[in-house]
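What follows is a single structure, written as structure tokens, with notes after it.
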Amino acid sequence: MTYSGPAMAIETTLILCKPDAVSRGLVGEIIARIERRGYIITAMKLMQLPGDKARDHYAEHKDKPFFGDLVSFITSGPLVALAVEGEGVIEACRQLIGATNPLTAAPGSIRADFAQSIGRNLIHGSDSKASADRELNIFFNKNEFVSRKHDMDRWITEQR
Ligand code: IDP
Ligand code: MG
């Protein structure tokens with residue numbers, strides 16, 4: 001008998017390489033870690049975020065003391081927004097990213113490997129399905145997503 005665990009749903013999450021990641025030249029490093037895990041990018045853009053979208057994206061933090069700094073920072077330069085698809089991708093990306101404070105982020109996570117400070121922690125990843133749906137709408141129009149398959153073979157060898 002073969003074990004078959006519960007089928008996990010294919011999800012999409014929003015990843016942001018924040019302005020510090022773009023300025024430090026870490027976008028490729030971040031994307032490489034996501035791609036090598038087998039997740040696929042279904043939308044991507046380099047953009048400078050307008051203030052209203054930044055306030056909307058971080059609305060849950062609007063009453064926190066750091067909200068002003070957070071909005072000025074995220075709008076201060078170009079960021080790279082990505083929609084990333086795969087089984088369990090929301091939780092998996094949170095693990096790849098590491099805890100909010102780089103000092104307590106797990107060794108090997110992006111924040112532990114490349115960041116020092118909570119206000120310059122390089123990357124955003126949605127924290128739930130509801131957040132992902134809400135945030136993806138802020139960054140992408142429906143027609144900006146491409147449909148892709150996990151069909152690596154035909155991209156490595158010609159299929160005859
Ligand atoms: P997350 O990015 O790990 O989901 P959140 O708690 O959602 O963390 O906070 C959003 C962002 O706000 C963080 O990534 C970080 O850049 C910033 N932030 C969170 N807490 C603080 C703080 O106490 N001081 C300064 N910035 C903070
Ligand atoms: Mg968050």
Side-chain angles (χ1 to χ4, degrees), residues 6 8-142 144-146 148:
M8 286 203 65
I10 300 290
E11 305 169 334
T12 303
T13 193
L14 175 77
I15 297 296
L16 301 178
C17 303
K18 298 185 191 179
D20 48 346
V22 175
S23 299
R24 290 179 56 192
L26 291 171
V27 173
E29 174 71 41
I30 290 169
I31 292 177
R33 288 173 178 228
I34 293 169
E35 285 190 324
R36 77 184 181 195
R37 185 79 183 263
Y39 295 119
I40 60 173
I41 298 165
T42 55
M44 177 160 79
K45 64 173 79 159
L46 175 74
M47 64 186 290
Q48 189 151 356
L49 196 63
D52 57 335
K53 287 201 181 227
R55 285 186 288 276
D56 191 4
H57 173 68
Y58 281 127
E60 67 175 302
H61 299 301
K62 69 176 172 10
D63 298 323
K64 308 261 175 69
F66 58 83
F67 185 68
D69 287 346
L70 181 57
V71 170
S72 0
F73 173 65
I74 203 77
T75 57
S76 66
L79 56 73
V80 173
L82 304 119
V84 181
E85 181 188 281
E87 262 191 25
V89 70
I90 297 170
E91 175 57 24
C93 282
R94 294 285 291 184
Q95 290 172 7
L96 282 176
I97 290 167
T100 308
N101 185 346
L103 281 177
T104 56
S109 65
I110 292 166
R111 285 168 172 167
D113 282 356
F114 299 107
Q116 298 181 17
S117 167
I118 197 164
R120 296 289 184 273
N121 62 7
L122 298 172
I123 176 166
H124 167 84
S126 309
D127 64 7
S128 66
K129 172 87 171 64
S131 302
D133 291 347
R134 193 185 76 78
E135 295 168 2
L136 285 162
N137 268 314
I138 296 170
F139 286 84
F140 297 105
N141 298 317
K142 289 273 174 285
E144 291 175 312
F145 292 89
V146 298
R148 294 184 56 190

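Every number for a ligand or one of its atoms is a count from 1 in the order of the listing. We number each residue from 1, following the sequence as shown. The analysis underlying the following values was restricted to heavy atoms, covering all of them including side chains, and did not include hydrogens, waters or symmetry mates.
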Worksheet entry | Residues in contact with ligand 1, criterion: heavy atom under 4.0 Å | Lys18, Tyr58, His61, Phe66, Leu70, Arg94, Thr100, Arg111, Ile118, Asn121

Fill in: Within 45° cone of Phe114 ring axis and under 6.0 Å: Arg24 NZ or CZ
no

Worksheet item: Mind checking what makes side-chain contact (heavy atoms from CB on, under 4.5 Å) contact with Asp52, not counting sequence neighbours?
Response: Pro50, Arg55

Practice prompt. Would you kindly say whether Ser126 and Glu135 are connected by a side-chain donor-acceptor distance under 3.5 Å?
Written response: yes

Discussion item. Going by side-chain contact (heavy atoms from CB on, under 4.5 Å), name the residues that satisfy it together with Arg36, two or more places apart in sequence or in a different chain.
Written reply: Arg33

Worksheet item: Who are the side-chain contact (heavy atoms from CB on, under 4.5 Å) partners of Ala92, not counting sequence neighbours?
Response: Arg37, Tyr39

Worksheet item: How far apart are the closest heavy atoms of Thr75 and Gln48, and which atoms are they?
Response: O-NE2, 2.9 Å

